[in-house]
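Beneath this line is the structure, given in structure tokens, with notes to follow.
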Amino acid sequence: MTRTSEQPGNAATPEISAASATPATPGRVAKRGAADPARDEVLRRLFTAGRENSSVTVMFHSAVAARQGLNATESKTLDLLERDGPLTAKDLARRTGLAPASVTGLIDRLEAKGFVRRIKHPSDKRRVLVELRREAIAGLAEVFEDWGREVAELCEEFTVQELETVIRFLSGATERQRRAAARLAE
């Protein structure tokens, strides 16, 4: 059975099958009619590059998290809050795929470490929002600026049309990976 990498923000990349312990091959992933050896080779290279990117991304984010005394789930939760603003615990559970009890523990840990605070919902005083304490993550800016500079340099190698294709692929892969993660949580 082929599964998809579960790291947020990564392209969906076929992983090693638990049943066969071999990587998924393009022919097993997408059937488009008659065999096309050139397409199969490009898909093989794409999946290999995607898997490598996924591995490097996990290692990078693990190192960033460790620098702040966080685990990967805590770090990516902060990323969600940075991008989306304050969220309820229910929103965090939905976005992360974690069980509500796990989200409560996650919020408690992040609050104890000084990264988030609970605030009253502006329109419904019965609800609580989890808000990022931006001052607590200020030191991460330099880490991401360095990496972001290198990615910006890489983007200079591509035309606008090529970048649009990359965006379309990553967006589609992200949505499929989100659905796969939701199925795993069921």
Side-chain angles (χ1 to χ4, degrees), residues 1-18 49-152 167 170-186:
M1 168 187 236
T2 301
R3 70 179 182 82
T4 305
S5 175
E6 299 152 25
Q7 293 302 318
N10 290 335
T13 54
E15 296 289 338
I16 294 179
S17 166
R51 289 180 69 194
E52 182 66 21
N53 179 265
S54 177
S55 295
V56 170
T57 299
V58 168
M59 295 303 151
F60 175 79
H61 285 284
S62 293
V64 169
R67 182 179 273 209
Q68 294 293 306
L70 301 168
N71 65 37
T73 301
E74 293 166 343
S75 177
K76 294 315 286 182
T77 299
L78 295 178
D79 180 52
L80 282 174
L81 292 169
E82 196 276 328
R83 285 185 285 132
D84 296 344
L87 298 170
T88 65
K90 183 178 180 179
D91 292 335
L92 283 171
R94 183 180 49 78
R95 294 291 307 277
T96 62
L98 295 172
S102 297
V103 169
T104 299
L106 171 66
I107 295 167
D108 289 345
R109 288 191 311 276
L110 289 172
E111 189 171 42
K113 292 176 182 181
F115 287 98
V116 301
R117 64 182 147 244
R118 289 174 167 99
I119 60 171
K120 291 184 180 190
H121 193 282
S123 62
D124 183 349
K125 299 302 180 196
R126 296 169 297 169
R127 295 173 64 195
V128 173
L129 293 172
V130 179
E131 179 180 68
L132 178 66
R133 294 185 63 233
R134 293 195 180 279
E135 65 275 11
I137 63 165
L140 293 177
E142 67 186 46
V143 173
F144 285 101
E145 284 173 9
D146 178 57
W147 176 73
R149 190 172 34 259
E150 289 193 35
V151 172
I167 291 167
L170 290 175
S171 297
T174 299
E175 184 53 38
R176 285 160 177 81
Q177 191 167 23
R178 189 173 284 125
R179 290 193 307 253
R183 287 190 300 271
L184 289 172
E186 292 175 349

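Bear in mind that the values here come from a model prediction, so they are computed numbers and not experimental data. Residue indices begin at 1 and follow the sequence shown.
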Pairwise distance [atom1]([X]) to [atom2]([Y]) - rounded to 0.5 angstrom:
X	Y	atom1	atom2	answer
I119	R127	CD1	CZ	12.0 Å
E82	I137	CD	CD1	5.5 Å
D84	L132	CG	CG	11.5 Å
R133	L78	CZ	CG	11.5 Å

- Item | Sequence-distant partners of R126, side chain to side chain contact (heavy atoms under 4.5 Å, CB included), two or more places apart |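 Expected list: D124.
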- Message: If the condition is side chain to side chain contact (heavy atoms under 4.5 Å, CB included), which residues does K113 pass it with, not counting sequence neighbours?
- Response: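 Per chain and number, K113 pairs via side chain to side chain contact (heavy atoms under 4.5 Å, CB included) with L70, E74, F115.
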- Partners meeting salt bridge (Lys or Arg N to Asp or Glu O under 4.0 Å) with E52 (sequence neighbours left out):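 Partners of E52 under the salt bridge (Lys or Arg N to Asp or Glu O under 4.0 Å) test: none.
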- Message: Tell me every residue that passes salt bridge (Lys or Arg N to Asp or Glu O under 4.0 Å) with R67, counting only those two or more places apart in sequence or in another chain.
- Response: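 By the salt bridge (Lys or Arg N to Asp or Glu O under 4.0 Å) rule, R67 matches no residue at all.
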- Task: Could you go through the side chain to side chain contact (heavy atoms under 4.5 Å, CB included) check for T77 and R109 one step at a time?
- Result: CA-CA 12 Å; T77 299; R109 288 191 311 276; over 6 Å; no
- Do you know which two heavy atoms are closest between S75 and A65, and how far apart they sit? CB-CB, 3.6 Å
- Can you name the closest pair of heavy atoms from L81 and V130 and give their distance? CD2-O, 3.4 Å
Throw together a table of side-chain donor-acceptor distances under 3.5 angstrom for residues 96-106, partners on residues two or more places apart or in other chains.
| residue | atom | partner | partner atom | Å |
| --- | --- | --- | --- | --- |
| T96 | OG1 | L92 | O | 2.7 |
| T96 | OG1 | L98 | N | 3.2 |
| T104 | OG1 | P100 | O | 3.2 |

Which residues satisfy the side chain to side chain donor-acceptor pair (under 3.5 Å) test with [X], sequence neighbours excluded?
X	value
R178	E175
E131	R117
K120	none
E150	none

- Polar side-chain atom of S171 near backbone of I167 as donor-acceptor pair, under 3.5 Å: yes
- Qualifying ring pair (Phe, Tyr, Trp, His ring centres under 6.0 Å) pairs, either residue in residues 117-146, two or more places apart: F60-F144
- Task: Evaluate salt bridge (charged side-chain N to carboxylate O under 4.0 Å, His left out) for D91 paired with R95, printing each intermediate quantity in order.
- Result: CA-CA 6 Å; D91 292 335; R95 294 291 307 277; over 6 Å; no
- Message: I'd like to know whether R83 forms a side chain to side chain contact (heavy atoms under 4.5 Å, CB included) with L80, so could you lay out the CA-CA distance, the side-chain angles of the two residues, the decisive distance to 0.1 Å, and finally the verdict.
- Response: CA-CA 5 Å; R83 285 185 285 132; L80 282 174; 3.5 Å; yes
